Amino acid sequence: MSLFLTFIFLIAAGFVAGLLASVAGLASLASYPALLLVGLPPVLANVTNTTALIFSGIGSTMSSLRELHGHWKKVALFTFLASCGSVAGSWLLLIAPASSFEKIVPFFIFAAGLLLLLSSRKKGISKNSLPTQANIWISFVSLIGIFFVGGYTGYFGAAGGVIFLAILSLITNNQFATVNAMKNVIAFAGNLIATLIFVFKTHVAWLMVVPLGFGLLIGGYLGPIIVRHANIHLLRALIAIAAFGLASYLFITAYF
């Protein structure tokens with residue numbers, strides 16, 4: 001494949017991945033395989049993919065400012081915790097390859113799909129209606145969960161956005177579009193921090209980042225607009241089905 005056709009292919013793949021990232025947190029369904037197809041080895045493709053995903057985060061955050069209005073304190077706390085986890089996960093990746101983790105990942109992603117479906121049935125119970133001690137424990141467990149999901153994203157990354165989407169849907173009472181916007185900011189910060197670590201510790205295929213990142217920027221910007229006007233129940237179901245499909249694929253590749 002010529003360099004020109006490679007660039008066009010990566011722009012198109014980036015656009016699709018940007019939509020998937022900002023709508024469902026499933027960018028790697030398109031961007032990671034695309035990098036493999038143009039000849040990058042798996043580890044380099046994973047690092048390059050994480051770097052390019054920064055552009056999806058920029059686009060989706062810019063497009064989600066309406067949903068994020070009034071929620072910045074909560075977003076800042078979640079982002080800080082997830083970013084700390086991402087730092088730990090990224091360093092762990094440099095010490096222990098993600099292949100050592102691949103047999104567990106399908107179950108995480110499958111669980112995220114289930115959580116996403118269950119969160120759509122969640123009754124809008126106010127935390128104020130719970131006993132104070134229960135309130136504290138729920139908040140504590142939620143924050144720990146955000147940290148560990150951030151660590152997972154920095155370490156392996158596959159469907160990390162879906163897992164964030166699932167856990168945020170459970171621990172907040174916000175509308176899905178707002179939860180999705182929070183997820184986009186958190187994922188953006190995690191990818192940015194992981195990239196800073198990778199830049200100083202490993203190699204990034206920058207020539208591939210340019211076209212992939214351009215497509216991701218456009219797709220990332222359009223994604224929140226789609227969420228804003230989509231049927232939320234249908235969207236949740238489609239995201240969950242995609243998560244189940246990815247979990248099944250990763251299960252087969254890990255065990256067979």
Side-chain angles (χ1 to χ4, degrees), residues 14-29 31 50 52-86 112-113 115-117 119-120 122 124 127 139 142-143 145-147 149-150 152-154 157 159-194 213 215-240 242-243:
F15 175 75
V16 174
L19 287 176
L20 290 172
S22 55
V23 172
L26 285 167
S28 295
L29 281 178
S31 54
T50 298
L53 281 170
I54 290 174
F55 293 94
S56 174
I58 293 172
S60 60
T61 299
M62 290 173 57
S63 185
S64 298
L65 293 178
R66 180 195 304 183
E67 284 77 18
L68 293 169
H69 181 71
H71 299 285
W72 283 108
K73 287 185 179 180
K74 188 186 299 183
V75 172
L77 174 61
F78 290 160
T79 301
F80 173 75
L81 290 170
S83 298
C84 290
S86 182
L115 287 175
L116 201 55
L117 290 177
S119 67
S120 67
K122 182 180 65 174
K127 287 186 178 180
S139 298
S142 299
L143 297 180
I146 291 289
F147 173 84
V149 177
Y152 166 81
T153 303
V162 172
I163 301 176
F164 271 127
L165 200 57
I167 195 170
L168 290 172
S169 295
L170 282 175
I171 68 176
T172 71
N173 288 316
N174 299 115
Q175 294 181 347
F176 184 79
T178 301
V179 171
N180 187 65
M182 291 180 182
K183 175 265 295 177
N184 288 334
V185 175
I186 293 171
F188 169 49
N191 287 325
L192 180 60
I193 290 173
L216 282 163
L217 180 66
I218 299 173
Y221 186 86
L222 292 177
I225 298 173
I226 293 173
V227 171
R228 200 173 291 152
H229 298 95
N231 181 308
I232 299 304
H233 296 293
L234 176 61
L235 189 58
R236 282 180 189 268
L238 291 175
I239 295 171

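Heavy-atom basis, side chains included; hydrogens, waters and symmetry copies ignored. It should be emphasised that the depicted structure is a prediction, and the values quoted were computed from it without experimental measurement.
Atom CG of L222 and atom OG of S60 lie 11.0 Å apart (nearest 0.5 Å). Rounding to the nearest 0.5 Å places CD1 of I193 at 10.0 Å from CZ of F188. Atom OG1 of T79 is separated from atom CH2 of W72 by 8.0 Å, given to the nearest 0.5 angstrom. Atom CG of L168 and atom OG1 of T178 lie 11.0 Å apart (nearest 0.5 Å). Between the CG atom in N184 and the CE atom in M62 there is a gap of 13.5 Å [rounded to 0.5 Å]. Atoms OG1 and CZ, from T172 and F78 in turn, are 6.5 Å apart once rounded to the nearest 0.5 Å.
Scanning all heavy atoms of the two residues, the minimum distance from L26 to A242 falls at CD1-CB, 3.4 Å. What you find for S22 and G219 is that their closest heavy atoms are OG-O, 3.5 Å. Contact record, L117 with A237: CD2-CA, 4.1 Å, taken as the closest heavy-atom pair. Here the closest heavy-atom approach between residue A24 and residue V162 is recorded as O-CG2, 2.9 Å. In terms of heavy atoms, L235 sits closest to A230 at CD2-CB, 4.3 Å. Residues I226 and L19 share a closest heavy-atom pair of CD1-CD2, 3.8 Å.
Counting only distance, with no hydrogens or angles, the side chain of S63 and the backbone of G59 share no donor-acceptor pair below 3.5 Å. Side chain of K183 to main chain of A21: a donor-acceptor pair is present (N/O by atom type, distance under 3.5 Å, no hydrogens or angles). Between the S86 side chain and the A82 main chain, no donor and acceptor come within less than 3.5 Å of each other. Counting only distance, with no hydrogens or angles, the side chain of N180 and the backbone of F176 share no donor-acceptor pair below 3.5 Å. Looking only at distances, no side-chain donor or acceptor of T61 sits under 3.5 Å from a matching main-chain atom of I58.
For L81, the side-chain contact (heavy atoms from CB on, under 4.5 Å) criterion is met by L77, L143, I146, not counting sequence neighbours.
No side-chain heavy atom of F15 sits less than 4.5 Å from a side-chain heavy atom of L216.
Pairs engaging residues 217-232 under the side chain to side chain donor-acceptor pair (under 3.5 Å) rule: E67-R228 [sequence neighbours left out].
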Does the side chain to side chain contact (heavy atoms under 4.5 Å, CB included) test come out yes or no for N174 and K74, once each step is laid out?
CA-CA 11 Å; N174 299 115; K74 188 186 299 183; 3.2 Å; yes

